[in-house]
Amino acid sequence: MTQSYDAIIVGGGHNGLTCAAYLAKAGRKVLVLERRHLVGGAAVSEEKYPGFKFTVCSYVVSLLRPEVIRELELAKHGLQIVPLHGTWAPMENGDQLAMYADPASLREEIKRHSRRDAEMIPKYNQMMYQMVGAVKPILGYVPPNPVSPGFRGARTLLDFGRHLQSLDKKTFHQLSKIMTMSAADFLAEWLETDVVRAVMSISGIIGTKLGAKSPGTAYVLLHHYMGELDGAFTAWGSQKGGTGGVSDAIASAARSYGVEIRCNAPVQQVIVKNGRAEGVVLEDGEEIYAKTIASATDPRVTFRKLVDEKDLPEDLVRAIDKFKFRGSSGKVNLALDAAPKFSAMTDPAFLRGSIEISPSVDYLEQAYDDAKYGAFSKRPYIDVDIPTMVDPSMAPPGKHVMSCFVQYASYDMPEYGNRDQQRDAFGNAVIDTLSEFIPNLKDIILHKQVLTPWDIEQEFGLTEGNIFAGELTLDQLFFFRPAVGWADFRTPIRNYYQCGSGTHPGGGITSGPGRLGALEILRDGN
């Protein structure tokens, strides 16, 4: 018997689940089809070694939209985010930088490095809060077509224009700078201490094939500043059970509204007849029909794999083919026999926070230089998180898991041999670098999982392994994401929609694209 639904969501990542939940809450009969054996996309937790649960790709939470948490009542479905204990960075001279969450403690620590920076940090933070206030309204807008906006799009542009006009000259001047400068140069206008600038620069390079000195990275820094946790901007947290717990909470909410979720159900193509999407074909040949199809996959999969080129205008095909993915991030997950001992760490409480291997701006830039021609960083930037410090259930008693987000790696690194050899060389570079700061590390590793951008593409379906489903550069934001004229979550194919991270407002565990995509589907009466 042919199955039929009001809507089918292709992809069970957090955005696809969010879109499904909103549609079902509005009374639609919804089916989610996920290619893997569990939901969550790149926001998953898996037991890759007996007794040890890894946050396989994404690992911390900050950008999750508060309206999604509220409207889907995620706390009732297991969302439990524990704030991280600040940020800590070892220095190559044996010193450390401890970025305390407490303002008084932070001031004293920064003063130890620079009295001037201790005075400037609060002023910098206040300025960035103003920048967030200037830009944040755009996160809730549906991007219009700037060439042919129509009445609704023109109103959106007018509203945003009025918002910008309401900014004072100083704020507008700073906003102009942050939209064009590099993270390193922008921070250098405020701060004089190299290690402070380095630690604060890293938010400008995450998920991009750009260096801290590359123009445009200051905006990426601001993008991460827009995260919040319980109303506190820039606060980061760890979900109990890993980031897979965030996806599980959204999936639970979706099921409570009646959503059906099928795993191990890869979609081969969208059925299009007379310019209208009518269903999907799974890889095993099964056909499932629905009034509406929404793709939570990235733009290349959405437009170049799931549908035929003949059903799309030539300018859109060209735009998608030029859309930059350039995965630059790798992941190394370690099962440890004991807690790591950082030689410079004087306060063990920072094992419950973010640990940044970013001792200088030049260190970050050298890491970029190593990788920009198709290799990996010999001494990479590494963001270390030890989730078992806040959630011991993720490993056996006395054991730990260490999550290492790494930049930079390239999608293809042929100088290191075949894919297995590339993976081994990359993983060894990460562990060797970490061992400079953790003398006991190699003695306590029980198991390691190494993911290059190629591995991320193969395992999670993210084109070129880009964790944001497309770089967050200025030329790929708002009405450019993923292409001018098609950034409003619709496509040229009737009843075929987009709701993944390759749309506005972009990547990270935000659920913003899923929510906005669902609201546009409902606006169209589908």
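Note that the structure is a prediction, hence the values are computed from the model and not measured.
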With sequence neighbours left out, write down each residue that passes side chain to side chain donor-acceptor pair (under 3.5 Å) with E46, or none if nothing qualifies.
R36, H37
Using 4.0 Å as the upper bound for N to carboxylate O, is an ion pair formed by E464 and R326?
no
I want to check a possible cation-pi pair here: K48 against F54, using under 6.0 Å from ring centre and within 45° of the ring axis as the test.
no
From the list S328, S410, S329, side chain to side chain donor-acceptor pair (under 3.5 Å) with K209 holds only for S410
Under a plain distance cut-off of 3.5 Å, with no hydrogens placed, do Y411 and E457 share a side-chain donor-acceptor pair?
yes
ring-ring contact (aromatic ring centres under 6.0 Å, His included) evaluation trace for F426 with Y416
CA-CA 9 Å; F426 173 65; Y416 296 99; 9.6 Å; no
To check you understand the geometry: which heavy-atom pair defines the closest contact between G211 and T217, and what is its length?
O-CG2, 3.4 Å
Report yes or no: do Y368 and Q407 form a side-chain donor-acceptor pair below 3.5 Å?
no
With a 4.5 Å cut-off on side-chain heavy atoms, are Q498 and F303 touching?
yes
Could you pull out the closest heavy-atom pair between G374 and P414, with the gap in Å?
O-CD, 4.5 Å
Heavy-atom nearest pair, A469 first then D298, reads CB-CB, 3.7 Å
Checking side-chain polar atoms at under 3.5 Å, does D455 have a donor or acceptor matched by the opposite partner on T452?
yes
State, to 0.1 Å, how close A24 and V259 come at their nearest heavy-atom pair, and which atoms those are.
CB-CG2, 3.3 Å
Any donor-acceptor pair under 3.5 Å linking the side-chain atoms of T297 with those of K305?
no
Salt-bridged, D185 to K177, with N to O below 4.0 Å?
no
Short side-chain donor-acceptor distance under 3.5 Å, D370 and Q366
yes
Parallel, tilted or perpendicular: ring planes of F478 versus H504, cut at 30 and 60 degrees:
perpendicular
For K76, which residues count as a side chain to side chain contact (heavy atoms under 4.5 Å, CB included) partner, sequence neighbours excluded?
E73
Under 3.5 Å, is there a donor-acceptor pair linking the side chains of N15 and S501?
yes
Can you see which heavy atom on G204 is nearest to which on V220, and at what distance?
O-CB, 3.4 Å
Among side-chain atoms of T292 and N495, is any donor-acceptor pair under 3.5 angstrom?
no
Please give me the minimum heavy-atom distance between L522 and Y22, naming the atom from each residue.
CD1-O, 4.2 Å
According to side chain to side chain contact (heavy atoms under 4.5 Å, CB included), who are the partners of K53, at least two apart in sequence or on a separate chain?
S45, M394
Salt bridge flag under 4.0 Å for residues R152 and E520:
yes
Parallel, tilted or perpendicular: which describes the rings of F323 and F325, with under 30° parallel and over 60° perpendicular?
perpendicular
Short N-O contact, R423 and D420, less than 4.0 angstrom
yes
Between Y49 and Q449, is any side-chain donor less than 3.5 angstrom from a side-chain acceptor?
no
Is there a donor in the side chain of N145 and an acceptor in the side chain of D488, or the other way round, less than 3.5 Å apart?
no
Charged N to carboxylate O under 4.0 angstrom, E34 versus R262?
no
Using a strict cut-off of less than 4.0 Å between a Lys/Arg side-chain nitrogen and an Asp/Glu carboxylate oxygen, indicate whether K29 and D6 qualify as a salt bridge.
no
Worked verdict on R515 versus E71 for salt bridge (charged side-chain N to carboxylate O under 4.0 Å, His left out):
CA-CA 10 Å; R515 177 180 180 271; E71 292 164 357; 3.0 Å; yes
In the structure I gave you, are the side-chain heavy atoms of V307 and L312 within less than 4.5 Å of one another anywhere?
yes
